[in-house]
2 protein chains.
Amino acid sequence: MTELEKGPTGRRRGRGARERILSASQQLFREQGINRTGMDQLCAAAQVSKRTAYEHFTGKDELVAEYLRRFDPSVLSGVFDRTDLTPRERLLAAFDIPPTTPLCPYIGAAVELHDPQHPASQYARDYKKAVAARLADTAREAGAADPEQLGEQLALLIDGAAARTRVLNADAFPTAAAIATVLIDAAIPATTGDDRRGEEVSS
Amino acid sequence: MTELEKGPTGRRRGRGARERILSASQQLFREQGINRTGMDQLCAAAQVSKRTAYEHFTGKDELVAEYLRRFDPSVLSGVFDRTDLTPRERLLAAFDIPPTTPLCPYIGAAVELHDPQHPASQYARDYKKAVAARLADTAREAGAADPEQLGEQLALLIDGAAARTRVLNADAFPTAAAIATVLIDAAIPATTGDDRRGEEVSS
DNA sequence: CGTTAAGCACACAGATCGGTGTACATAATA
DNA sequence: TATTATGTACACCGATCTGTGTGCTTAACG
């Protein structure tokens, strides 16, 4: 009965409360981590009373899961839909991440929450599988011999770059991209049309 | 003035206190994570009074750093010293991790502590660099064209496998080993003696 | 107007956190 | 035996955590 988006006309005073909470989560959870960000601080940053926050979310766990769901990172959304690139270029573009990204939040959540059954951990798993699947699709499009394997390999490279960037405090994505080039070149026969752009593969 | 290891003969009643604390750390920090393991629980598991723990360590931070330092994982110690393997086999052996390992604790510490200046984070960085250097040495021994690059690449694969194993809750090291095989084959000229075992390279 | 949804301010509960203070016990040494 | 190092038992501190309870305000609608 929250009736948040319905109604004939617009009413509801500050209907952006939920959005402000999630927006503050994006910033604080990423900057400070999940465990080190208290609900008090988060509500203050969102300019929302704590009472209101707990009327929108049953608890911090649910909020964390929603925060992860709201996060659509560059990888999934931007890269795969670019029909101006060849499939091979799209596979490599997944490693061109903006330097603003401090760490893959899915890995962060899985490590911080430390419970594979946590809703956020489950979503992180689903998301990572989805990325691997998308990579496999693109690999198939690019004519790779074993698309599933290449997708899984590239996904591992992305995660490795993210983890290593975090630990070493230095950008590891160029290294990952170099490996990706080797793998892609090895997996895709040279005869296969590399410069086809955005065309569908028949089967 | 602790005089823990000195003295003409052995005295000191329960001189295993420090060891018990660190031993309990190994178990609990890995099972539950660092942040979710309180000092109360840790001291109880170590059968050590909290007072004693804080006479051995100035605080939890120092304990965490020591815990990381004590952790010598299979990778560094076991693999590189095996003269029964060719250099190439040693590089691949780094991906044969026992399934008992839940997650690389260095990545875990870096994510959980979330402060690159934390002593444990610094050590994690040093350790990861050392592993990459050892891999590079072995790659040089194996006759790789660009040993430093190959070492960094293999290190990234290991971290990727660790991170992905954690997030997906499924062993990702076979995938990493497959990539490693490709990289090693590509980087090491086939003419180079692959079956030399444990010999030194002149330069 | 009155009703109702939405939110705020703020105190507070209960737990846990890292860390200390104090008084006492034990064992090896001198 | 006396001393000293080492450790225990346990209460306790202040801070912080997630989460509630309560009463008040504001705004949209009828």
Pairing residues for B/Ala139 by the side-chain contact (heavy atoms from CB on, under 4.5 Å) criterion, not counting sequence neighbours: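 Testing B/Ala139 for side-chain contact (heavy atoms from CB on, under 4.5 Å), a comparison that skips the adjacent residues, returns B/Leu91, B/Ala144, B/Pro147, B/Leu150.
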
Results of salt bridge (Lys or Arg N to Asp or Glu O under 4.0 Å) for A/Arg36 - residues two or more places apart only: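 Per chain and number, A/Arg36 pairs via salt bridge (Lys or Arg N to Asp or Glu O under 4.0 Å) with no residue.
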
Residues forming a salt bridge (Lys or Arg N to Asp or Glu O under 4.0 Å) with B/Arg51, sequence neighbours excluded: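 Residues passing salt bridge (Lys or Arg N to Asp or Glu O under 4.0 Å) with B/Arg51: none at all.
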
A/His56 vs C/dA6: side-chain N/O to OP1/OP2 distance below 4.0 Å: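 No.
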
A/Ser49 side chain near C/dA9 phosphate (N/O to OP1/OP2, under 4.0 Å):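 Looking at the OP1 and OP2 atoms of C/dA9, neither is under 4.0 Å from any side-chain N or O of A/Ser49.
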
When the distance from [atom1] of [X] to [atom2] of [N] is rounded to whole Å, what number comes out?
X: B/Phe57; N: C/dT20; atom1: CZ; atom2: C1'; result: 18 Å
X: B/Glu55; N: D/dA5; atom1: CD; atom2: P; result: 12 Å
X: A/Glu19; N: C/dA6; atom1: CD; atom2: C1'; result: 14 Å

Sequence-distant partners of A/Asn169, side chain to side chain donor-acceptor pair (under 3.5 Å), two or more places apart: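 Listed in chain order: nothing, the list is empty.
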
Note: B/Arg82-B/Glu89 ion pair, threshold 4.0 Å (strictly below):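 The answer is no: the pair does not qualify as a salt bridge.
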
Any donor-acceptor N/O pair, B/Ser25 side chain to B/Tyr67 backbone, under 3.5 Å: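 Such a contact is absent between B/Ser25 side chain and B/Tyr67 backbone.
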
cation_pi(A/Arg125, A/Tyr106) dist<6.0 Å, angle<=45: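 Cation-pi check for A/Arg125 and A/Tyr106: fails.
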
Flag for A/Gln32-A/Thr37: side-chain donor and acceptor within less than 3.5 Å: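 Yes - a donor-acceptor pair under 3.5 Å links their side chains.
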
Nucleic acid footprint by protein, nucleotides 12-22 of chain D - heavy-atom cut-off 4.0 Å, B for base, S for sugar-phosphate alone: ------BBBBB

Strand-adjacent residues in residues 62-69 of chain B, judged by heavy atoms under 4.0 Å from DNA chain D: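 Heavy-atom cutoff 4.0 Å gives no residues at all.
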
